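One structure below.
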Amino acid sequence: MEEEEFRRAGYALVDWIAAYRAGVESRPVLSQVTPGAIRAALPPAPPAQGESFDAILADVDRVLMPGITHWQSPNFFAYFPANSSGPSILGELLSAGLGVQGMLWATSPACTELETHVLDWLVEMLDLPRAFLSTGEGGGVIQDTASSAVLCALLAAREQATAGQGNEAGLAGLPRLVAYASSQAHSAVEKAVKIAGLGRQQLRLLEVDEVFALRPEALERQLRADRAAGLQPFFLAATLGTTSSNAMDPLAALGPLCQQHQLWLHVDAAMSGTAALCPEFRSWFRGMEFADSFDFNPHKWMFTNFDCSCFYVRRRQALIRALSILPEYLRNQATASGAVFDYRDWQIPLGRRFRALKLWFVIRHYGVEGLQREVRRHVALAQEFAAGVRADPAFELAAPAPLNLVCFRHRGGDAANQAIMDRLNHSGDLYLTHTRLAGQLALRMSIGQTLTQPRHVANAWRRIQEEGRAFAV
Ligand SMILES: *Cc1c(COP(=O)(O)O)cnc(C)c1O
């Protein structure tokens with residue numbers, strides 16, 4: 001693509017994205033295509049000759065758009081927010097333009113140093129333990145996802161618990177390692193346990209209380225039983241803001257237990273971590289000083305498009321020992337000097353994108369106060385929605401709503417809730433998903449998209465009430 005053509009096509013694409021964002025509100029949120037429909041509209045073979053960018057972009061509209069579920073719609077209340085923003089999109093574009101591989105400091109010093117710097121900023125912005133700062137023994141790194149972060153934490157913990165033997169001789173012959181999480185922990189914990197070779201049977205998914213938070217007594221009881229059975233407890237994944245209901249595990253009570261039993265404490269705050277930007281929401285984070293590692297996803301609720309997951313460790317050497325490999329072809333003076341971070345040693349893959357750019361753009365565009373304002377806005381919208389649910393005798397809350405997720409249900413039972421959700425999602429007016437809490441279906445209203453305004457939430461609640469009227473309480 002020649003420079004002039006690139007400019008013309010690039011401006012056209014930026015115009016396309018701007019128009020998309022401006023008009024996304026009027027599109028049906030959930031794609032209604034049937035399986036196979038998109039492929040059927042694509043030619044069976046790739047073109048033998050190159051095509052014009054205009055033709056390609058026209059097919060984005062014609063072929064692909066019907067199969068897009070509009071995550072950036074202000075009426076998107078499903079799963080979790082995956083919010084994006086102008087500065088973040090531009091950061092991604094620049095990252096693609098530079099096309100940098102950031103595996104080593106030496107392969108692009110700015111890629112590593114900007115990342116280290118912005119992650120240090122975030123320690124202050126979220127008021128995280130200063131032990132996570134890169135200026136001491138800790139440090140932060142951008143992972144692709146919270147799933148990768150919990151796997152890295154588990155591998156570092158495994159190495160620490162086996163004094164390095166896991167990497168060298170393997171796990172055979174060692175006491176069996178046991179990991180812990182609540183029954184509400186994200187499935188990524190179970191996946192990490194499987195990948196790390198511990199075996200699913202060595203993961204204890206512990207009992208939660210009436211607000212779906214891990215019971216410290218349940219952990220303590222299980223630790224005793226496992227020790228008595230000759231097993232070696234080594235890892236707890238606590239969650240701040242569970243995926244299902246936004247439950248907050250009590251870190252201040254779990255932390256001392258972890259210390260006493262030498263468990264690595266990983267804190268998964270994938271969505272809710274962003275709330276720590278605001279001092280008034282930090283009470284959920286009490287006990288964070290016990291954490292060995294922490295992770296949150298700016299790609300959920302901090303206006304930074306996927307992928308961007310900020311992972312911190314208290315002792316970076318534990319992580320590096322677990323993941324570092326140095327083949328001859330990667331040797332270089334900067335690495336040998338020990339004066340730089342080589343982030344390939346902090347993650348599973350070797351290669352890495354310049355993700356810090358978009359995060360830096362976002363933080364600079366909004367400023368700390370701008371980000372706080374947006375988070376407060378979303379929490380206030382969710383709290384208003386929750387108040388509406390409480391005030392309507394046909395509905396009830398299914399869990400406390402500490403921040404921006406409201407789990408609720410119609411009092412008419414599972415079938416009514418399923419039907420309400422299906423009808424709403426099919427209408428295209430909004431998109432909601434569900435979970436199961438204490439055996440009953442609950443609808444999840446997740447508020448945090450960049451473009452969501454009070455009228456979108458008010459309209460959603462009006463539509464939910466409207467559909468609810470068809471069912472007896
Ligand atoms: C969304 C979520 C995850 C998984 O996030 P990925 O970045 O997609 O791996 C893990 N834990 C919690 C609590 C989440 O909300």
Side-chain angles (χ1 to χ4, degrees), residues 69 71 76-84 88 126 140-155 179-196 203 205-206 208 211-214 235-251 254 265-276 281 284-285 288 291 293-312 347-349 352-353 355 358-359 375 378 382 399 401-407 433-435 437 442 444-449:
T69 287
W71 283 73
F76 183 97
F77 303 107
Y79 305 105
F80 44 80
N83 59 25
S84 172
S88 173
L126 270 56
V141 60
I142 303 180
Q143 301 276 346
D144 52 5
T145 59
S147 304
S148 293
V150 70
L151 175 58
C152 289
L154 192 81
L155 294 173
Y180 304 81
S182 90
S183 64
Q184 302 293 303
H186 193 273
S187 54
V189 177
E190 183 175 338
K191 199 178 203 174
V193 163
K194 283 164 64 172
I195 295 169
L203 172 63
L205 294 178
L206 302 165
V208 292
V211 292
F212 309 103
L214 175 55
F235 182 81
L236 171 67
T239 310
L240 289 182
T242 58
T243 312
S244 192
S245 71
N246 222 358
M248 305 285 181
D249 288 344
L251 290 188
L254 295 169
L265 172 59
H266 175 69
V267 176
D268 175 4
M271 176 178 73
S272 299
T274 296
F281 303 136
W284 303 113
F285 294 72
M288 188 67 86
S293 54
F294 169 81
D295 183 73
F296 89 108
N297 287 348
H299 72 225
K300 275 184 171 161
W301 193 18
M302 215 179 85
F303 310 94
T304 308
N305 55 278
F306 190 85
D307 51 351
C308 185
S309 187
C310 294
F311 176 54
Y312 290 93
Q347 62 174 22
I348 308 290
R352 57 201 326 274
R353 311 189 316 111
R355 299 189 191 97
K358 59 186 169 187
L359 195 51
V375 167
H378 287 146
L403 295 166
N404 62 328
L405 173 67
V406 184
C407 293
T433 51
H434 74 284
T435 188
L437 292 170
R444 295 170 73 265
M445 180 80 178
S446 164
I447 299 176
Q449 290 301 57

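Since this is a predicted model, take the numbers as computed values, not measurements. Counting from 1, the numbers follow the sequence of the chain as shown. Order of listing sets the numbers, starting from 1, for every ligand and every atom in it.
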Query raised in the report: Do S309 and N297 have side-chain N/O donor and acceptor atoms under 3.5 Å apart?
Result: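 On atom types as modelled, these side chains qualify, holding a pair under 3.5 Å.
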
Query raised in the report: What is the ring orientation for H266 with F235, classed by angle as parallel under 30°, tilted 30 to 60°, or perpendicular over 60°?
Result: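 Answer is parallel, since the angle falls under 30°.
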
Query raised in the report: Got the residues with a heavy atom under 4.0 Å of ligand 1, by chain and number?
Result: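 Answer by chain and number: T145, A146, S147, H186, T239, G241, T243, D268, A270, N297, H299, K300.
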
Query raised in the report: Rounded to the nearest 0.5 Å, how far apart are CD1 of I195 and CG of L154?
Result: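 Here the rounded value is 9.5 Å.
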
Query raised in the report: Counting only heavy atoms not in Y79, do more than 12 sit closer than 6.0 Å to its OH atom?
Result: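 No - once you tally the heavy atoms of other residues, nucleotides and ligands closer than 6.0 Å, there are 12 at most.
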
Query raised in the report: Looking only at heavy atoms, which two atoms of L205 and S182 are closest? And how far apart?
Result: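 Smallest heavy-atom distance, with atoms named: CD2-O, 3.6 Å.
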
Query raised in the report: Among all residues two or more places apart in sequence or in another chain, which pass the side chain to side chain contact (heavy atoms under 4.5 Å, CB included) test with S84?
Result: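 With neighbours one apart ignored, the set is R21, Q72, I89, N305.
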
